[in-house]
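Comments concern the structure below.
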Amino acid sequence: MPELPEVETIARTLAPDVLGRDIARVEVFDPAAPQPNGATLAALVTGRRVERVGRRAKLLLLFLSSRPGGDVDYGGAVLAAHLRMTGRLIILLPGATTANTRVVFHLSDATRLAFADVRRFGTLHAFPVGVPGRGIETWPFYANLGPEPLEMTAREFRARLGGGRTRVKARLLDQSVIAGVGNIYADESLFRAGIRPDTPVDAIGPSGRDKLFTALVDVLRLAIAENGSSIRDYRDAHGDAGAFQNHFRAYGREGEACLVCGAAMRTMRVAGRTSTFCPNCQPVPDGKTR
DNA sequence: ATTTGTCCCTGCGGGC
DNA sequence: TGCCCGCAGGGACAAA
């Protein structure tokens with residue numbers, strides 16, 4: 001579930017509770033969560049200090065300090081969490097527990113950071129910094145990520161959308177093209193741009209691409225400002241829901257009236273995902289759309 | 001070379 | 001009321 005705005009929100013709400021603390025102990029309840037395994041991950045992160053909290057695509061990143069005095073000072077480590085569909089990163093208050101806890105990081109001041117995940121699709125990866133061949137840049141998923149949509153130019157977006165008969169929504173969801181866009185924000189930006197999800201990218205001209213880029217950036221910024229979208233599982237690091245679901249114009253509105261023209265919203269399957277659109281405001285392209 | 005389908009896993013809501 | 005089916009925000013992989 002968590003897409004770019006949700007992970008961004010988690011990073012922001014997590015930072016005050018973890019920055020400057022050391023990771024004292026890692027408690028693994030589900031051996032499948034840490035990659036490649038709990039012992040390796042724990043060895044990489046234990047004893048390090050959280051120096052920065054960041055996000056790349058849908059990955060939540062904890063940048064950890066070097067470990068002077070250790071056997072080998074690797075110059076730091078990076079912990080990367082991917083929450084997939086139902087993962088959560090939650091700061092546990094003293095005595096509190098949370099359901100479906102898979103890993104708990106015990107920090108130096110008794111702060112506990114829990115990684116919980118009902119469906120267990122989420123993963124945790126840890127990488128050393130400064131060790132050739134072992135850094136996060138060697139992780140194919142990470143290495144292949146496209147640029148951040150909020151850090152790219154319209155010109156770059158127009159080019160990266162590419163050509164061919166690939167459907168535009170599939171291209172938007174391709175993390176190697178643009179990083180961090182998922183089903184919700186793809187549908188929302190296509191609706192705002194007036195482009196059907198199954199439009200071949202070939203049929204979208206420069207002005208259509210600019211419109212789509214503007215819509216995407218707007219939607220992502222608004223969603224970040226609203227602390228993300230909480231459909232069911234998503235919560236920030238303190239367990240609070242986001243509010244952007246109250247601003248959806250397309251996602252989840254099948255059968256409801258289009259907020260622009262009143263037509264009944266419809267769904268279709270694109271790139272293996274349900275896609276909601278307005279048959280009137282997002283028409284089938286007649287050749288080259290401008 | 002792309003692109004679609006299947007699978008990972010659990011829970012929930014709708015339909016019967 | 002209760003059961004069953006389909007579907008859910010993502011991505012890896014196999015196969016067409």
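At a threshold of 4.0 Å, the pair A/R192-A/D218 does not count as salt-bridged, since none of the basic side-chain nitrogens sits closer than that to a carboxylate oxygen.
Residue A/F121 and nucleotide B/dC8 are classified as a stacked aromatic pair, their ring centres being separated by less than 5.5 Å at an interplanar angle below 30°.
As rounded to the nearest Å, C/dT1 and B/dG11 have P atoms that lie 23 Å from one another.
For A/N183 and C/dA8, the CG to C1' distance is 10 Å, given to the nearest whole Å. When rounded to the nearest whole Å, the span between CG of A/L4 and C1' of C/dG10 equals 14 Å. Put simply, CZ on A/R171 is 15 Å from C1' on B/dT4, counting in whole angstrom units. Following rounding to the nearest Å, A/D233 (CG) and C/dA8 (C1') show an atom-to-atom distance of 9 Å. Atom pair A/N144:CG and C/dG10:P shows a separation of 18 Å (rounding to whole Å applied). Spacing between atom CD of A/E254 and atom P of C/dC7 amounts to 11 Å, rounded to whole angstrom units. Separating the CG atom of A/L172 from the C1' atom of C/dG10 is a distance of 15 Å, rounded to the nearest angstrom. As a whole-Å value, the separation of A/D30 CG from B/dC8 C1' is 12 Å.
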Identify all pairs in which a protein N or O lies below 3.5 Å from an N or O of nucleotides 10-14 of chain B, and state each distance.
unit_1 : atom_1 : unit_2 : atom_2 : d
B/dT10 : OP1    : A/R120 : NH2    : 3.0

Polar atom pairs (N or O), protein with nucleotides 11-16 of chain C, under 3.5 Å:
unit_1 : atom_1 : unit_2 : atom_2 : d
C/dG11 : OP1    : A/H82  : NE2    : 2.9
C/dG11 : OP2    : A/K58  : NZ     : 3.0
C/dG11 : O4'    : A/R84  : NH1    : 3.3

Dot-bracket pairing map - DNA chain C, Watson-Crick plus G-U, both contacts under 3.5 Å, | cross-strand: .|||||||.|||||||
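With rounding to the nearest 0.5 Å, the separation of CD1 in A/I195 from CD in A/Q282 is 8.5 Å.
Residue pairs meeting the ring-ring contact (aromatic ring centres under 6.0 Å, His included) criterion with at least one partner in residues 90-120 of chain A, sequence neighbours excluded, do not occur; the list is empty. The stretch residues 154-179 of chain A participates, sequence neighbours left out, in these ring-ring contact (aromatic ring centres under 6.0 Å, His included) pairs: A/F157-A/F213.
Counting non-hydrogen atoms of neighbouring residues, nucleotides and ligands closer than 6.0 angstrom, the CZ atom of A/R249 reaches no more than 12 such neighbours.
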A/R84 vs A/D117, salt bridge (charged side-chain N to carboxylate O under 4.0 Å, His left out): CA-CA, chis, key distance, verdict: CA-CA 9 Å; A/R84 295 291 187 99; A/D117 187 1; over 6 Å; no
Stepwise side-chain hydrogen bond (donor to acceptor under 3.5 Å, both in side chains) check, A/R12 with A/N227: CA-CA 10 Å; A/R12 195 179 64 239; A/N227 303 316; 2.5 Å; yes
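For A/F141, the ring-ring contact (aromatic ring centres under 6.0 Å, His included) criterion is met by A/H82, A/W139, not counting sequence neighbours.
Between A/F248 and A/F244, the ring-plane angle classifies as perpendicular under the 30° and 60° cut-offs.
Pairing each heavy atom of A/P279 with each of A/A264, the nearest pair is CD-O, 3.4 Å. The shortest heavy-atom contact between A/R273 and A/S275 is O-OG, 3.1 Å.
Heavy atoms of A/G182 sit under 4.0 angstrom from primed sugar atoms or phosphate atoms, though from no base atom.
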